[in-house]
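Structure record follows, encoded as C-alpha coordinates.
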Amino acid sequence: MSHSKNKPFAKRSLGQNFLVDETVVGNIVSELQLNVGDTLIEIGPGRGALTEKLVATGAKVIAIEIDRNFVPSLRAQFHFDRNFSVIEADVLNVGITEIVTDSDRGSVKLVGNLPYNISTAILERAALERNIFSRAVFMFQREVVDRISAKPGMSERGYFTVLVESSFEVTRLFDVAPEAFSPRPKVWSSVVKLSPKPPSAADEPAFRKLVSAAFAQKRKTILNNLKSVVIDAETTLKEAAIDPRRRAETLTLDEWLALYLASQEKRPDSLEPPDRLIKRPKRL
Ligand code: SAM
(Lines give C-alpha, C1' and ligand atoms only; values in the text may rest on other atoms or scores of the structure.)
Protein backbone atom coordinates (compact mmCIF):
# COMPACT_ATOMS: atom_id res chain seq x y z
CA MET A 1 0.00 0.00 0.00
CA SER A 2 1.15 3.56 -0.70
CA HIS A 3 1.92 5.82 2.21
CA SER A 4 2.36 9.53 2.64
CA LYS A 5 4.71 10.36 5.51
CA ASN A 6 4.27 6.71 6.55
CA LYS A 7 0.55 7.25 7.03
CA PRO A 8 -2.12 5.52 4.91
CA PHE A 9 -3.90 7.50 2.18
CA ALA A 10 -7.24 9.09 3.03
CA LYS A 11 -10.35 7.12 2.11
CA ARG A 12 -13.25 9.20 0.98
CA SER A 13 -15.74 6.43 1.75
CA LEU A 14 -14.83 6.74 5.45
CA GLY A 15 -15.07 10.54 5.43
CA GLN A 16 -11.34 10.88 6.01
CA ASN A 17 -10.53 14.59 6.03
CA PHE A 18 -7.80 15.02 8.59
CA LEU A 19 -7.40 18.11 10.72
CA VAL A 20 -4.17 19.95 10.07
CA ASP A 21 -5.01 23.27 11.73
CA GLU A 22 -3.55 23.27 15.25
CA THR A 23 -5.72 26.18 16.38
CA VAL A 24 -8.90 24.27 15.56
CA VAL A 25 -7.54 21.20 17.36
CA GLY A 26 -6.74 23.34 20.42
CA ASN A 27 -10.18 24.97 20.40
CA ILE A 28 -11.96 21.61 20.28
CA VAL A 29 -9.88 20.30 23.18
CA SER A 30 -10.51 23.39 25.30
CA GLU A 31 -14.31 23.14 24.73
CA LEU A 32 -14.19 19.72 26.37
CA GLN A 33 -13.21 21.40 29.66
CA LEU A 34 -11.31 18.34 30.77
CA ASN A 35 -10.92 17.57 34.44
CA VAL A 36 -8.51 15.19 36.10
CA GLY A 37 -10.06 11.71 35.98
CA ASP A 38 -12.18 12.31 32.87
CA THR A 39 -12.64 9.48 30.38
CA LEU A 40 -12.75 10.57 26.78
CA ILE A 41 -14.15 8.53 23.96
CA GLU A 42 -12.77 9.73 20.66
CA ILE A 43 -14.69 8.61 17.60
CA GLY A 44 -12.47 8.22 14.51
CA PRO A 45 -8.96 9.23 15.63
CA GLY A 46 -7.56 8.69 12.11
CA ARG A 47 -4.01 10.03 12.01
CA GLY A 48 -4.26 11.18 15.61
CA ALA A 49 -4.40 14.99 15.18
CA LEU A 50 -6.90 15.40 18.02
CA THR A 51 -5.77 12.31 19.89
CA GLU A 52 -2.30 13.70 20.49
CA LYS A 53 -3.63 16.75 22.33
CA LEU A 54 -6.23 14.70 24.20
CA VAL A 55 -3.67 12.18 25.45
CA ALA A 56 -1.37 15.03 26.49
CA THR A 57 -4.03 16.31 28.92
CA GLY A 58 -3.63 13.13 30.99
CA ALA A 59 -7.29 12.15 30.61
CA LYS A 60 -8.06 8.52 29.88
CA VAL A 61 -8.58 8.33 26.11
CA ILE A 62 -10.43 5.45 24.44
CA ALA A 63 -10.35 5.84 20.67
CA ILE A 64 -12.60 3.91 18.27
CA GLU A 65 -11.37 3.63 14.69
CA ILE A 66 -12.93 1.58 11.91
CA ASP A 67 -9.98 1.77 9.52
CA ARG A 68 -7.56 -1.00 10.43
CA ASN A 69 -4.75 0.77 8.59
CA PHE A 70 -4.62 3.45 11.28
CA VAL A 71 -4.72 1.22 14.31
CA PRO A 72 -1.09 0.02 14.32
CA SER A 73 0.29 3.54 13.83
CA LEU A 74 -1.91 4.88 16.64
CA ARG A 75 -0.73 2.10 18.94
CA ALA A 76 2.87 2.87 18.02
CA GLN A 77 2.45 6.64 18.45
CA PHE A 78 0.98 6.30 21.94
CA HIS A 79 2.90 3.23 22.98
CA PHE A 80 4.22 4.88 26.15
CA ASP A 81 0.96 6.58 27.10
CA ARG A 82 -0.82 4.36 29.56
CA ASN A 83 -3.89 6.59 29.40
CA PHE A 84 -4.49 5.67 25.72
CA SER A 85 -6.21 2.68 24.16
CA VAL A 86 -7.73 2.10 20.75
CA ILE A 87 -10.57 -0.20 19.73
CA GLU A 88 -10.68 -1.27 16.10
CA ALA A 89 -14.41 -1.22 15.37
CA ASP A 90 -17.31 0.50 13.70
CA VAL A 91 -18.48 2.94 16.37
CA LEU A 92 -22.08 2.11 15.51
CA ASN A 93 -21.49 -1.43 16.73
CA VAL A 94 -20.00 -0.38 20.05
CA GLY A 95 -22.18 0.85 22.89
CA ILE A 96 -20.67 3.43 25.26
CA THR A 97 -21.98 1.30 28.12
CA GLU A 98 -19.86 -1.59 26.89
CA ILE A 99 -16.57 0.28 26.87
CA VAL A 100 -16.66 2.38 30.01
CA THR A 101 -16.17 0.89 33.43
CA ASP A 102 -18.49 1.66 36.34
CA SER A 103 -15.84 3.92 37.84
CA ASP A 104 -15.73 5.98 34.59
CA ARG A 105 -19.43 6.81 34.79
CA GLY A 106 -20.16 10.44 35.46
CA SER A 107 -16.84 11.53 34.00
CA VAL A 108 -17.28 10.39 30.39
CA LYS A 109 -17.04 12.88 27.50
CA LEU A 110 -17.29 12.24 23.77
CA VAL A 111 -15.31 13.94 21.03
CA GLY A 112 -14.87 13.46 17.31
CA ASN A 113 -14.38 14.99 13.93
CA LEU A 114 -17.10 12.88 12.43
CA PRO A 115 -17.57 11.47 8.97
CA TYR A 116 -20.66 12.84 7.23
CA ASN A 117 -22.23 9.49 6.37
CA ILE A 118 -22.66 8.42 9.99
CA SER A 119 -23.40 11.74 11.67
CA THR A 120 -27.15 11.11 11.97
CA ALA A 121 -26.64 7.59 13.31
CA ILE A 122 -24.06 8.79 15.84
CA LEU A 123 -26.35 11.52 17.11
CA GLU A 124 -29.22 9.06 17.49
CA ARG A 125 -26.99 6.69 19.44
CA ALA A 126 -25.61 9.51 21.58
CA ALA A 127 -29.19 10.59 22.41
CA LEU A 128 -30.03 7.06 23.54
CA GLU A 129 -26.89 6.77 25.67
CA ARG A 130 -26.83 10.33 27.00
CA ASN A 131 -27.18 9.30 30.63
CA ILE A 132 -23.63 7.93 30.47
CA PHE A 133 -21.74 11.07 29.41
CA SER A 134 -21.69 14.67 30.53
CA ARG A 135 -20.61 16.46 27.36
CA ALA A 136 -19.90 15.85 23.68
CA VAL A 137 -17.92 18.09 21.35
CA PHE A 138 -18.44 17.02 17.75
CA MET A 139 -17.45 18.41 14.40
CA PHE A 140 -19.92 17.83 11.58
CA GLN A 141 -20.48 19.17 8.12
CA ARG A 142 -22.00 22.62 8.61
CA GLU A 143 -25.23 21.47 6.99
CA VAL A 144 -25.76 18.89 9.77
CA VAL A 145 -25.25 21.57 12.42
CA ASP A 146 -27.66 23.88 10.56
CA ARG A 147 -30.19 21.08 10.81
CA ILE A 148 -29.75 20.25 14.49
CA SER A 149 -29.75 23.88 15.59
CA ALA A 150 -32.67 25.03 13.36
CA LYS A 151 -35.16 27.17 15.26
CA PRO A 152 -38.96 26.84 14.90
CA GLY A 153 -40.10 28.12 11.51
CA MET A 154 -36.82 27.36 9.73
CA SER A 155 -37.04 24.99 6.80
CA GLU A 156 -34.10 22.91 8.08
CA ARG A 157 -36.09 22.01 11.19
CA GLY A 158 -37.23 18.39 11.08
CA TYR A 159 -37.67 15.23 13.08
CA PHE A 160 -33.96 15.06 13.70
CA THR A 161 -33.81 18.61 15.08
CA VAL A 162 -36.53 17.85 17.62
CA LEU A 163 -34.90 14.56 18.60
CA VAL A 164 -31.56 16.30 19.27
CA GLU A 165 -33.16 19.34 20.96
CA SER A 166 -35.16 17.12 23.32
CA SER A 167 -32.01 15.21 24.28
CA PHE A 168 -29.34 17.92 24.44
CA GLU A 169 -28.65 21.55 25.08
CA VAL A 170 -27.06 22.32 21.69
CA THR A 171 -24.41 25.05 21.57
CA ARG A 172 -23.04 25.94 18.17
CA LEU A 173 -19.38 26.80 18.79
CA PHE A 174 -17.54 27.75 15.60
CA ASP A 175 -17.29 27.06 11.88
CA VAL A 176 -14.21 25.52 10.30
CA ALA A 177 -13.05 26.29 6.77
CA PRO A 178 -12.04 23.53 4.30
CA GLU A 179 -8.40 24.72 4.54
CA ALA A 180 -8.19 23.28 8.06
CA PHE A 181 -8.19 19.74 6.63
CA SER A 182 -6.15 17.50 4.41
CA PRO A 183 -7.51 16.50 1.97
CA ARG A 184 -9.76 19.56 1.81
CA PRO A 185 -13.49 18.82 1.88
CA LYS A 186 -15.79 20.70 -0.51
CA VAL A 187 -17.86 22.14 2.32
CA TRP A 188 -17.43 23.98 5.63
CA SER A 189 -17.68 22.18 8.94
CA SER A 190 -19.04 23.28 12.33
CA VAL A 191 -18.25 22.32 15.89
CA VAL A 192 -21.06 21.87 18.42
CA LYS A 193 -21.24 21.16 22.10
CA LEU A 194 -23.98 18.81 23.29
CA SER A 195 -24.92 18.78 26.95
CA PRO A 196 -27.29 15.93 27.83
CA LYS A 197 -30.74 16.81 29.16
CA PRO A 198 -32.73 14.54 31.46
CA PRO A 199 -35.64 12.76 29.77
CA SER A 200 -38.49 15.19 29.12
CA ALA A 201 -40.95 12.57 27.90
CA ALA A 202 -41.76 9.62 30.11
CA ASP A 203 -41.83 7.35 27.11
CA GLU A 204 -39.13 8.57 24.71
CA PRO A 205 -39.79 5.99 21.95
CA ALA A 206 -43.45 7.11 21.90
CA PHE A 207 -42.35 10.77 21.77
CA ARG A 208 -40.03 10.09 18.84
CA LYS A 209 -42.72 8.14 17.03
CA LEU A 210 -45.15 11.03 17.40
CA VAL A 211 -42.63 13.60 16.12
CA SER A 212 -41.54 11.39 13.26
CA ALA A 213 -45.16 10.90 12.14
CA ALA A 214 -45.84 14.63 12.36
CA PHE A 215 -42.94 15.33 9.98
CA ALA A 216 -43.78 12.45 7.62
CA GLN A 217 -44.88 14.80 4.85
CA LYS A 218 -43.47 18.26 5.46
CA ARG A 219 -45.89 20.04 3.16
CA LYS A 220 -48.94 18.66 4.95
CA THR A 221 -50.48 20.27 8.03
CA ILE A 222 -49.71 18.76 11.39
CA LEU A 223 -53.31 17.54 11.62
CA ASN A 224 -53.09 15.57 8.39
CA ASN A 225 -49.80 14.00 9.37
CA LEU A 226 -50.99 13.06 12.84
CA LYS A 227 -54.21 11.42 11.69
CA SER A 228 -52.36 8.24 10.84
CA VAL A 229 -50.94 7.73 14.33
CA VAL A 230 -53.14 9.55 16.81
CA ILE A 231 -56.79 8.64 17.23
CA ASP A 232 -58.83 11.84 17.44
CA ALA A 233 -55.88 13.97 16.33
CA GLU A 234 -58.02 17.12 16.16
CA THR A 235 -58.94 16.99 19.87
CA THR A 236 -55.39 16.10 20.83
CA LEU A 237 -54.07 19.18 19.02
CA LYS A 238 -56.77 21.33 20.64
CA GLU A 239 -55.83 20.07 24.10
CA ALA A 240 -52.20 20.95 23.38
CA ALA A 241 -53.30 24.44 22.18
CA ILE A 242 -51.82 23.87 18.73
CA ASP A 243 -53.56 25.17 15.61
CA PRO A 244 -54.20 22.08 13.40
CA ARG A 245 -53.32 24.10 10.28
CA ARG A 246 -49.72 24.60 11.37
CA ARG A 247 -46.83 22.67 9.88
CA ALA A 248 -44.56 20.52 12.01
CA GLU A 249 -41.46 22.71 11.55
CA THR A 250 -43.16 25.65 13.30
CA LEU A 251 -43.60 23.87 16.65
CA THR A 252 -41.32 24.66 19.59
CA LEU A 253 -39.97 21.89 21.80
CA ASP A 254 -42.45 22.86 24.53
CA GLU A 255 -45.29 22.47 22.06
CA TRP A 256 -44.03 19.04 21.04
CA LEU A 257 -43.99 18.02 24.68
CA ALA A 258 -47.52 19.39 25.20
CA LEU A 259 -48.67 17.44 22.16
CA TYR A 260 -47.02 14.30 23.43
CA LEU A 261 -48.70 14.72 26.83
CA ALA A 262 -52.09 15.30 25.23
CA SER A 263 -51.65 12.18 23.11
CA GLN A 264 -50.75 10.16 26.19
CA GLU A 265 -53.35 11.62 28.52
CA LYS A 266 -56.11 9.17 28.00
CA ARG A 267 -53.82 6.28 27.41
CA PRO A 268 -54.79 3.42 29.73
CA ASP A 269 -52.18 2.62 32.37
CA SER A 270 -52.28 -0.98 31.31
CA LEU A 271 -49.33 -2.44 29.45
CA GLU A 272 -49.94 -1.32 25.91
CA PRO A 273 -47.80 -2.78 23.15
CA PRO A 274 -45.28 -0.11 22.00
CA ASP A 275 -46.85 0.42 18.56
CA ARG A 276 -50.09 1.53 20.20
CA LEU A 277 -48.58 3.84 22.77
CA ILE A 278 -49.61 7.12 21.24
CA LYS A 279 -53.10 6.09 20.17
CA ARG A 280 -55.92 7.54 22.20
CA PRO A 281 -58.92 5.39 22.97
CA LYS A 282 -61.96 6.39 20.92
CA ARG A 283 -64.41 8.68 22.73
CA LEU A 284 -67.82 7.30 23.49
N1 SAM B 1 -9.91 12.67 14.09
C2 SAM B 1 -9.13 12.73 12.88
C3 SAM B 1 -8.84 14.16 12.54
O4 SAM B 1 -9.56 15.03 13.03
O5 SAM B 1 -7.90 14.40 11.78
C6 SAM B 1 -9.85 12.04 11.72
C7 SAM B 1 -11.18 12.59 11.35
S8 SAM B 1 -11.88 11.91 9.86
C9 SAM B 1 -13.04 13.18 9.42
C10 SAM B 1 -13.03 10.66 10.40
C11 SAM B 1 -12.39 9.43 11.02
O12 SAM B 1 -13.45 8.54 11.42
C13 SAM B 1 -11.51 8.62 10.09
O14 SAM B 1 -10.34 8.24 10.75
C15 SAM B 1 -12.35 7.39 9.72
O16 SAM B 1 -11.61 6.25 9.40
C17 SAM B 1 -13.15 7.21 11.01
N18 SAM B 1 -14.43 6.51 10.83
C19 SAM B 1 -15.27 6.58 9.76
N20 SAM B 1 -16.35 5.81 9.98
C21 SAM B 1 -16.20 5.27 11.22
C22 SAM B 1 -16.97 4.37 12.00
N23 SAM B 1 -18.15 3.90 11.56
N24 SAM B 1 -16.51 3.98 13.21
C25 SAM B 1 -15.31 4.45 13.67
N26 SAM B 1 -14.53 5.30 12.97
C27 SAM B 1 -14.97 5.70 11.76
Side-chain angles (χ1 to χ4, degrees), residues 1-32 34 40-57 59 61-78 81 84-100 109-126 128-129 133 136-145 173-193:
M1 195 183 71
S2 308
H3 286 64
S4 123
K5 289 190 198 160
N6 294 328
K7 305 262 185 182
F9 270 133
K11 295 191 185 78
R12 207 196 270 186
S13 61
L14 293 176
Q16 292 179 347
N17 299 99
F18 302 104
L19 264 173
V20 291
D21 185 324
E22 292 284 324
T23 310
V24 175
V25 171
N27 290 343
I28 292 175
V29 176
S30 81
E31 290 294 345
L32 283 163
L34 291 170
L40 265 173
I41 298 177
E42 188 192 358
I43 302 169
R47 292 179 176 166
L50 269 168
T51 325
E52 194 175 353
K53 294 277 184 299
L54 298 172
V55 171
T57 65
V61 178
I62 304 170
I64 305 170
E65 175 56 62
I66 197 171
D67 188 343
R68 56 161 52 183
N69 291 323
F70 287 113
V71 175
S73 47
L74 287 162
R75 289 206 172 110
Q77 185 177 353
F78 302 108
D81 297 291
F84 173 79
S85 59
V86 56
I87 299 170
E88 184 189 316
D90 179 340
V91 67
L92 299 177
N93 294 333
V94 183
I96 308 174
T97 10
E98 294 161 33
I99 55 174
V100 298
K109 292 175 177 170
L110 311 187
V111 61
N113 164 16
L114 300 172
Y116 180 68
N117 57 332
I118 58 166
S119 37
T120 310
I122 285 187
L123 279 165
E124 277 172 345
R125 284 286 299 277
L128 291 176
E129 296 194 286
F133 62 95
V137 177
F138 286 145
M139 173 139 63
F140 293 109
Q141 278 200 4
R142 190 161 62 181
E143 172 205 325
V144 173
V145 177
L173 296 172
F174 51 89
D175 290 345
V176 183
E179 293 73 35
F181 304 88
S182 170
R184 286 184 189 181
K186 290 199 176 72
V187 293
W188 279 62
S189 303
S190 293
V191 177
V192 277
K193 178 174 80 180

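When a ligand or atom number is given, it counts from 1 through the structure's own listing order. Side chains included, hydrogens not; waters and symmetry mates left out as well; all remaining heavy atoms used.
For L92, the closest heavy-atom approach to ligand 1 does not fall below 4.0 Å.
Within ligand 1, the atoms closer than 4.0 Å to a non-hydrogen atom of L19 are 3 (C), 4 (O), 5 (O), numbered from 1 in the order shown. Ligand 1 places these atoms under 4.0 Å from at least one heavy atom of I64: 25 (C), 26 (N). Distances below 4.0 Å separate heavy atoms of I118 from the following atoms of ligand 1: 20 (N), 21 (C), 22 (C), 23 (N). Taking every non-hydrogen atom of A89 and a distance limit under 4.0 Å, the qualifying atoms of ligand 1 come out as 24 (N), 25 (C). Using a 4.0 Å cut-off to heavy atoms of P45, the atoms of ligand 1 that qualify are 1 (N), 2 (C), 6 (C). In the vicinity of F18, heavy-atom distances shorter than 4.0 Å reach the ligand 1 atoms 5 (O), 6 (C). Atoms of ligand 1 lying under 4.0 Å from any heavy atom of G46, numbered from 1 in the order shown and given with element: 14 (O).
Residue contacts with ligand 1, taken as heavy atom pairs separated by less than 4.0 Å, involve N113 via backbone and side-chain atoms alike. Contact annotation: for E42 versus ligand 1, heavy atoms closer than 4.0 Å belong to the side chain alone.
Side-chain contact between I41 and I99 is present, with at least one heavy-atom pair separated by less than 4.5 Å.
Side-chain polar atoms of E129 and T97 form a donor-acceptor pair below 3.5 angstrom. In this structure, a donor-acceptor pair under 3.5 Å is absent between the side chains of S189 and Q141.
Across all their heavy atoms, G46 and E65 have their closest contact at N-OE1, 2.8 Å. Between K11 and Q16, the shortest heavy-atom contact is N-OE1, 2.6 Å.
Panel note: side chain N17, backbone P183; a donor-acceptor pair is recorded below 3.5 Å. A donor-acceptor pair under 3.5 Å links the side-chain atoms of D21 to the main chain of V24, judged by distance alone.
Looking at atom 17 (C) of ligand 1, its nearest protein heavy atom turns out to be E65 OE2, 3.4 Å. Among protein heavy atoms, atom 23 (N) of ligand 1 sits closest to D90 OD1, 2.9 Å. Of all protein heavy atoms, the one closest to atom 24 (N) of ligand 1 is V91 N, 2.9 Å.
Taking the six-membered ring for Trp and thresholds of 30 and 60 degrees, F84 and F78 have ring planes inclined between 30 and 60 degrees apart.
Atom 20 (N) of ligand 1 has its nearest heavy-atom neighbour, among P115, G44, A180, in P115. Among I66, T51, V24, the residue whose heavy atom lies closest to atom 25 (C) of ligand 1 is I66. Remark: among candidates G112, S13, G15, the nearest residue to atom 9 (C) of ligand 1 is G15, based on non-hydrogen atoms.
Considering CG of L92 and CD1 of I66, their distance stands at 8.0 Å, rounded to 0.5 Å. Summarising the geometry, atom CG belonging to N117 is positioned 12.5 Å from atom CZ belonging to R12; distances are rounded to the nearest 0.5 Å.
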